[in-house]
Amino acid sequence: MVRNGGRGWYAKVLAAALGVTAVAGLSSFWNAQVGNGDDRPGQGVAAPPAQSQERKAAPVAAGIAHASDAGARGVNITIDDGPDPAWTPEVLRVLRDNGVKATFCMVGTQARAHPDLVRTVVAAGHRLCDHTVSHDVTMDRKSKAYQSQQILDAERMITQASGGVRPLYYRAPGGAFTPYSRQLAASHGMRPLGWNIDSKDFERPGTEAMVATVKNEIANGPTLLFHDAGGDRSQTVAALREVLPWLKEQGYSFGFPVR
């Protein structure tokens with residue numbers, strides 16, 4: 001009697017344990033299938049944490065920025081088209097030697113090809129700007145779908161290359177902004193960014209000519225445009241070595257474009 005009663009008691013305990021295990025197993029299976037509330041069509045498993053936790057940046061103003069956050073005597077140095085393994089380090093060295101922070105407007109494919117340089121730019125305290133995937137200066141005449149692809153794919157490329165640091169600005173190649181592209185960028189936390197002074201360094205007019213352009217046009221506004229890719233940028237590096245100290249001598253300070 002005692003033994004039979006003991007067997008019955010053990011049987012009940014075992015059944016209860018198996019029941020708990022079965023429920024736990026079913027719960028684990030269910031969680032693996034539904035993920036964390038992801039109800040997108042065709043998605044049976046939750047996205048990886050890095051994707052599911054990614055959030056769009058807070059919107060900013062859609063007007064094209066030119067002003068400096070350093071005030072009336074502030075100057076913004078902006079560097080376009082990189083990063084480039086030959087010239088970005090040279091530009092970074094000149095900026096460091098003069099204690100200047102700049103905004104680097106990066107092409108998506110360049111950022112993806114040189115993530116080490118993107119991270120070096122960020123580590124030095126400079127800011128990032130989305131300059132589209134392929135630098136198409138005619139994108140203002142293309143479809144909204146094309147503009148969106150160029151801007152948002154570049155944003156992802158730059159953010160991934162930087163290790164998670166987002167671009168804070170969007171500069172249309174050749175100034176080819178549209179109302180749609182400005183609104184789209186701003187909705188992703190990237191302020192449209194213009195310029196006041198084009199150094200014309202892309203044409204390689206000579207260091208003296210580039211320095212003269214800056215000196216003659218500095219009254220036009222605070223945002224200066226240079227390049228660290230797209231060919232031989234030795235003239236740009238040399239011009240920056242002269243321009244940055246001269247601006248300081250004139251009483252200018254260096255800041256970032258307003259957001």
Side-chain angles (χ1 to χ4, degrees), residues 38-41 43 47-48 50-69 76-83 102-115 118 121-122 126-196 198 202 221-230 255-259:
D38 188 346
D39 58 356
R40 291 172 293 171
Q43 297 293 323
Q51 295 179 10
S52 61
Q53 294 176 7
E54 185 177 342
R55 297 178 181 177
K56 189 170 69 174
V60 294
I64 298 175
H66 294 91
S68 175
D69 64 8
N76 307 319
I77 302 297
T78 64
I79 313 291
D80 283 19
D81 294 1
T103 300
F104 283 77
C105 300
M106 296 186 173
V107 174
T109 51
Q110 289 293 107
R112 184 173 60 187
H114 307 290
V118 181
V121 167
V122 170
H126 306 290
R127 287 186 179 179
L128 302 177
C129 170
D130 179 335
H131 204 32
T132 74
V133 172
S134 59
H135 199 276
D136 182 354
V137 297
T138 67
M139 64 180 292
D140 57 335
R141 300 194 292 273
K142 304 292 180 64
S143 69
K144 290 182 178 179
Y146 178 83
Q147 294 177 55
S148 177
Q149 176 266 322
Q150 283 285 309
I151 296 168
L152 300 186
D153 282 2
E155 179 194 17
R156 283 189 288 270
M157 290 176 180
I158 295 167
T159 302
Q160 289 171 3
S162 71
V165 178
R166 294 175 178 274
L168 298 180
Y169 308 92
Y170 163 64
R171 173 173 277 168
F177 289 102
T178 66
Y180 173 77
S181 69
R182 291 191 292 104
Q183 289 290 343
L184 177 66
S187 73
H188 282 252
M190 297 181 289
R191 180 72 186 265
L193 176 59
W195 63 86
N196 304 105
D198 184 351
F202 201 80
T223 302
L224 282 64
L225 171 61
F226 295 92
H227 296 82
D228 63 341
F256 293 110
V258 294
R259 291 257 298 150

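The list of salt bridge (Lys or Arg N to Asp or Glu O under 4.0 Å) pairs with a residue in residues 168-177, not counting sequence neighbours, reads Asp80-Arg171. For residues 173-182, the side chain to side chain donor-acceptor pair (under 3.5 Å) pairs, not counting sequence neighbours, are Gln147-Thr178, Thr178-Ser181.
One distance of note links CD1 of Ile64 with CG of Leu193; it measures 9.0 Å at 0.5 Å rounding. To the nearest 0.5 angstrom, Arg191 atom CZ is 12.5 Å from Thr103 atom OG1.
In this structure, Arg112 has no side-chain hydrogen bond (donor to acceptor under 3.5 Å, both in side chains) partners at least two apart in sequence or on a different chain. A search for side-chain hydrogen bond (donor to acceptor under 3.5 Å, both in side chains) contacts involving Asp130 returns nothing, not counting sequence neighbours. Taking the salt bridge (Lys or Arg N to Asp or Glu O under 4.0 Å) definition, one finds that Lys142 meets it with Asp136, sequence neighbours left out. Residues satisfying the ring-ring contact (aromatic ring centres under 6.0 Å, His included) criterion with His114, sequence neighbours excluded, are absent altogether. Scored by the side-chain hydrogen bond (donor to acceptor under 3.5 Å, both in side chains) test, Asp140 finds no partners at all (sequence neighbours excluded). Not counting sequence neighbours, Phe256 has no partner by the ring-ring contact (aromatic ring centres under 6.0 Å, His included) test. Considering only residues two or more places apart in sequence or on other chains, Ala229 meets the side chain to side chain contact (heavy atoms under 4.5 Å, CB included) condition with Asp81, Asp84. With sequence neighbours excluded, the residues forming a side-chain hydrogen bond (donor to acceptor under 3.5 Å, both in side chains) with His227 are Asp201, listed by chain and number. Annotation: side chain to side chain contact (heavy atoms under 4.5 Å, CB included) contacts of Ser68 (sequence neighbours excluded): Ala70, Asn76, Pro222.
Inter-residue side-chain proximity for Ile79 and His126 is flagged as unmet; no heavy-atom pair is nearer than 4.5 Å. Two residues are said to be in side-chain contact when any heavy atoms from C-beta on lie closer than 4.5 Å; Met106 and Pro167 fail this criterion.
Nearest heavy-atom pair, Ala62 versus Pro192, reported as atom, atom and distance to 0.1 Å: O-CG, 3.3 Å. Of all non-hydrogen atoms in Ala186 and Ala61, the two that sit nearest each other are CB-O, 3.7 Å. Closest heavy-atom contact between Gly174 and Val137: N-CG1, 4.1 Å. Pairing each heavy atom of Pro83 with each of Gln110, the nearest pair is O-NE2, 2.8 Å.
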For a side chain to side chain contact (heavy atoms under 4.5 Å, CB included) check, start with the C-alpha distance between Cys129 and Thr78, then their side-chain angles and the critical distance, and finish with the verdict. CA-CA 9 Å; Cys129 170; Thr78 64; over 6 Å; no
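No donor-acceptor pair closer than 3.5 Å links the side chain of His66 to the backbone N or O of Gly194.
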Side-chain donor-acceptor pairs under 3.5 Å in residues 148-155, sequence neighbours left out?
unit_1 : atom_1 : unit_2 : atom_2 : d
Gln149 : NE2    : Asp153 : OD2    : 3.3
Gln150 : OE1    : Val133 : N      : 3.4
Gln150 : OE1    : Ser134 : N      : 3.1
Gln150 : OE1    : Ser134 : OG     : 3.0
Gln150 : NE2    : Ser134 : OG     : 3.1
Asp153 : OD1    : Arg156 : NH2    : 2.2
Glu155 : OE1    : His188 : ND1    : 3.3
Glu155 : OE2    : Arg166 : NH1    : 3.3

